[in-house]
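Here's the structure, in structure tokens; my notes come after.
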Amino acid sequence: MNLIPVAVIVPLLAAALLLALEKVLPKRLADGFALLVAIFVAGLCLVISLETLDQPEAYWFGGWRIQNGVVLGIAFVADPVGAGVAAFAAILFSGTFLFAWGFFGDTGTRFHVLMLVLLAAMVGFCLTGDLFSFFVFFELMSVTAFALTAYKLESASLEGALSFTVVNTIGSFLMLAGIGLLYGRTDALNLAAIGGALDGHQADALVAMALVLILAALLIKAAAAPFHFWLADAHAVAPTPVSVIFSGIMVSIALFGAARLIWTAFAPLDQVAPAFRDLLLYLGTFSSLLGGLACLIQRHVKRLLAFSTISHVGIMLVGLAALTAPGLAGMLIYLVGHGLVKGALFMGAGILMAECQDIDEIRLRGRAKHLPLTGLTFAAGALLLAGLPLGAIHEGHHLISAAVEAQHPWIPLALALGSALTGGAVLRATGRIFLGLGPASNGEAEGPGKPEHETPGRPVWLMLIPILSFFAVACLAQGPAVTDTVLDLAQGFADHDAYGQLVLEGGSGAREPSSEGHAAPEAPSSPILPWVSVLLALLVAGLQLLRERLPAPLVWLSSLVLRPVFQGLDRLHNGRIGDYAAWLAIGLALLGGAFVLP
Amino acid sequence: MILVVALLLLVAVTGLGVVLTREPRRQVLAIAANGLVMGLLFLALQAPDVAYSQIVIGSAIQPLLFMVTLASLRTTRSDK
Amino acid sequence: MSRTARLVLFFAALLVAVPLGILGLIGLPSFGHHVSTYGDVVDAMGTDLRHVTNMVALVTFDVRGFDTLGEEFILFSAVTGVTMLLRGDRGEGTSADPVRIPHRRREGRSEAVTGTARWLGPMTLLFGIYVTLHGQLTPGGGFQGGSIIAAATLLIYLGEGYPAWRKIVRSVLLDLSEAAGVGIYLVAGLVPLLAGATYLENILPLGEVGSLLSGGLIPILNAGVALAVAGGFCSIAIEFLEETREPNEDET
Amino acid sequence: MSVLPYLIAGWLFVIGLYGVVSSRNYMHLIGCLTVIQSSTYVLLLAIGYHEGRPAPIFSDHPSGPAVDPVVQALVLTDVVVGAAVSALLLTLVLQLKKRRGTLDPDELSPERD
């Protein structure tokens, strides 16, 4: 029996079962059952990934293949990269289910049902080789996520869910329209068939528009500026286990999806529009800086982490926009490293909400001294985010920087700055919450709103297990062997012709092991850049915590420069859907405009 | 063909009607009208399957959901 | 951002996006003259290969049946989300009293409404089942039939009133119907897989062209979808109507 | 004429988006979303239409060339799904009204940090 469809079917079946048995299941059983299913899916995807290491495999649903030269059915194309990303998603889910043990005591199994469907959607999204089925899984991810965001039914979470739903639903319509345009041109929905039909043709206005529409939908999901506004509203207010999944994988998986489409259907893209590629690079860099700056003014810890996600997804977008295999490899490694670290940090925030019954940094000052291990993980996460040369995040960051350095030498510097800002902001929060550093109040005595809290009384050690194991993996998954393997896999992933051959001709699609080796990443232009970034993060944290001890003129000067920036940022991220939709239109115009430029 | 064109123009107009009717209770009627015209357009485009589901859902079930929501919105006290 | 600024921003974006959009749309094949090779192949071989006459049903439930599974789960998730988000606010109350609206006289149901609904309800239900069962032959199928069945149960509400409706249409039953609907779809796909074919492969006997049981797997999938859609829309309707009820005295 | 349906689809998309941008009431905003959604249906079905060909349903006429059944299948499922998603949105609005007492998207979120 072929395993490829099973990876999607099992979590769906489990979800249907949990819903049907909701009234008769003992309470904790749903927790354990969901955990088991997630672990099973993770194992299955790993097996698929290993089995397809030498040769990707196409799986045709319903046995419909190609007749009279027309691709009829839906194909899953399992390759090591796609299955690997799916396995990573399932691993994050496993950790999250463990973390959420006892979290959803009183509301039956609906949370588990939706989470399992979300997992199935992600696996399908990674494996599918059909554009419409890609859209279906994209939409399935969105719909489950909408409902999960609003779970707490507080006004902030409802507002967050509404902006999330409206903006992302518009994104779905954009993608559907783009699919329609492509279908009108190529009469095909299969990715390889679309790629085959577009090959060798100049991309005219229609193809460009289709690409812009589909890519815009994915960038909305990935929260790249100027499509990013919904993210902080949604990720900050979702229940913590849900935030872990959202920030850990749901945004970055959209970039993986974009990579899949670009290298299968839109392969000739890079020759067509250099301006378009540059625009993506700039958007990524801009997101990174914008997210980093916005981090500095947040006092709601989860909102801070959400903005840092915007910053780090920007870095991944730069890796994608390089449109080279090494850049892609960097993005993939970064995706794993960031997902683990950010997931662990959100879980740490969850521990604060359970143990201290609050999530406001100022009010929490010094109140978490009894949680030293959580504090340590916060500090470690901050340093890793800032660019400490250790583990997967650094490895990915290095590859991404190397991929764009030659053409845009300033981008690596900007990315390092973005990481330093987010790392610094997390360090500041760590110092204030776990060590009691900094002033007791920063002028505005009372924080906004009432304390947000989550189910108390859950064992802290149980919640620490996934956190610590995530950190361990994030730090250990590095080294030349890992990098070489991923580079090799990325090269296979980016092989447009082999993919087409595999799907359309049932050809072997086997990759000759590139014996001569790939363009190994050159030594980083400045090996001290990561350290500079870490130092900068420490400096940022220190300055923010020790503000009143600085000489007065310095404070005055800094507030003169920074206050307008921060106020502007605050005013932009105002939670108003109308504004967000207007920015969405601007983003569409930008993407479209870049195609017209010579 | 003339029928298709006429229905297309009607869809454009009723769609505009939905957007410009800013009072929710009247907007429900605009939504139902738009849904119905869309259903007829789909029939004219030789898509009876889609037309049926559009007529049942777009001009009956969906407006009904809007109406029920409006009814309960009027009755909810905000327990702020 | 002020509303004026927002609109200026939006129209500035349109100034760029609209011309580009028109440029792109013009590239589409001329309306009414597009010959889709994909569609033509399906039209040409569908009846011979699967003994069905409705090609849309063939695409929905066989050629691209896996998409439909995904779409069904979108519906499933949306309904699960609705019930989760409206949880426990008013309890599963069967209170007969709608919330009182000031300045509005409450009217009883007229006998005419009850009579019409009692007559129309079963007819609609039958029609929904008919539409579902003929899905592979004539326009219609699980999606349309399921919606019509849901509408039929709403007629029970019109005719018999809210409490009776809640007694007849239980939420547990609706959850079960929904879960069974998607379950049928999932398992119907698994059976061929276990028999050595691919997932959702139509290996059942295909029957005579034009008969109710033609199409092999297609009528079964149609029935599953009808169950899920009917259960789903009924759940949504119940949850929404519950919101218009006065909470029972004994529930807080 | 030959591009009119596509332009109408574009028109629906733009006015729907305008409605979202300018909306002062969440209920109205959801209505505008349905307009955007209908634009995608018009686009897809218009692409599949072929003048003079019958519907792809051969119960009352012999099988032969017909309009494209594939786009119809894509739209068919999406109609149902679209309604379910609006129901989800309506739920959010309902709960928000209970907690905030307003439906104006611009009046919300004063307590943001």
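Here is how names work: the chains are called A, B, and so on, in the same order as the sequence lines, proteins then strands, and each is numbered from 1.
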Looking only at C/G210, C/S147, C/P139, the option with the highest number of non-hydrogen pairs under 4.5 Å against chain D is C/P139
Measure distances from D/V79 to the heavy atoms of chain C and classify the residue's part below 4.5 Å as side chain, backbone, both or neither. neither
Write down the atom of C/L137, the atom of D/S59, and the distance for their closest heavy-atom approach. O-CB, 3.5 Å
Below 4.5 Å from any heavy atom of chain D, which atoms of C/F11 appear? Answer side chain, backbone, both or neither. side chain
Engaged part of C/L58 at the chain D interface, taking heavy atoms whose separation is under 4.5 Å: neither
Could you give the distance from CG (D/L43) to CG (C/L28), rounded to the nearest 0.5 Å? 6.5 Å
Would you confirm whether C/R3, through its side chain, and D/S22, through its main-chain N or O, come within 3.5 Å as a donor-acceptor pair? yes
What part of C/D40 lies closer than 4.5 angstrom to a heavy atom of chain D: side chain, backbone, both or neither? side chain
Heavy-atom neighbours of C/W165 CH2 exceed 12 at 6.0 Å: yes
Part of D/L17 within contact of chain C (heavy atom distance under 4.5 Å): both
For the CD atom of C/E239 and the OG1 atom of D/T91, what is their distance to the nearest 0.5 Å? 8.5 Å
Work out which heavy atom in D/L88 is nearest to a heavy atom in C/G81; give both atom names and the distance. CD1-C, 3.8 Å
Strictly below 4.0 Å, N to O, side chains only: are C/E243 and D/K98 in salt-bridge contact? yes
Among C/D43, C/L25, C/V56, C/V82, who wins on heavy-atom pairs under 4.5 Å with chain D? C/D43
For D/D68 and C/G39 the tightest heavy-atom approach is OD1-CA, 3.2 Å
Excluding sequence neighbours, so at least two apart, what forms ring pair (Phe, Tyr, Trp, His ring centres under 6.0 Å) with C/F76? C/F73
Donor-acceptor pairs are to be reported for all side-chain atoms of residues 64-72 of chain C against protein atoms at under 3.5 Å, with residues two or more places apart or in another chain.
{"from": "C/R64", "atom 1": "NE", "to": "C/D67", "atom 2": "OD2", "distance (Å)": "3.2"}
{"from": "C/R64", "atom 1": "NH1", "to": "A/D130", "atom 2": "OD2", "distance (Å)": "3.3"}
{"from": "C/R64", "atom 1": "NH1", "to": "C/Y38", "atom 2": "OH", "distance (Å)": "3.2"}
{"from": "C/R64", "atom 1": "NH2", "to": "A/D130", "atom 2": "OD1", "distance (Å)": "2.6"}
{"from": "C/R64", "atom 1": "NH2", "to": "A/D130", "atom 2": "OD2", "distance (Å)": "3.4"}
{"from": "C/R64", "atom 1": "NH2", "to": "C/D67", "atom 2": "OD2", "distance (Å)": "2.8"}
{"from": "C/T68", "atom 1": "OG1", "to": "C/T60", "atom 2": "O", "distance (Å)": "2.5"}
{"from": "C/E71", "atom 1": "OE2", "to": "D/T77", "atom 2": "OG1", "distance (Å)": "3.2"}

Ring pair (Phe, Tyr, Trp, His ring centres under 6.0 Å) partners for D/H61, two or more places apart: D/F58
Residues of residues 29-37 of chain D contacting chain C, heavy-atom criterion under 4.5 Å, by residue number: none
Please check if the number of heavy atoms outside C/I129 that lie under 6.0 Å from its CD1 is greater than 12. yes
D/Y18 versus chain C, heavy atoms under 4.5 Å apart: side chain, backbone, both or neither? both
Residue part contacting chain D, namely of C/V35, when any heavy atom lies under 4.5 Å: both
Classify the angle between the aromatic ring planes of C/H33 and D/H50 as parallel (below 30°), tilted (30 to 60°) or perpendicular (above 60°). perpendicular
Return the minimal non-hydrogen interatomic distance between C/H34 and D/I47, and the atom names on each side. ND1-O, 2.8 Å
For C/T138, is it the side chain, the backbone, both, or neither that has a heavy atom closer than 4.5 Å to a heavy atom of chain D? both
Show the nearest heavy-atom pair for residues D/S2 and C/S30, with the distance to one decimal. CB-OG, 3.1 Å
On a heavy-atom basis, the closest approach of C/F233 and D/A83 is CZ-CB, 3.9 Å
CZ on C/F240 to CG on D/L94, rounded to 0.5 Å: 6.5 Å
If the plane angle is over 60° it's perpendicular, under 30° parallel, otherwise tilted; pick one for C/F31 and D/Y6. perpendicular
Rounded to the nearest 0.5 angstrom, the CG-CG distance for D/L90 and C/L85 is 12.0 Å
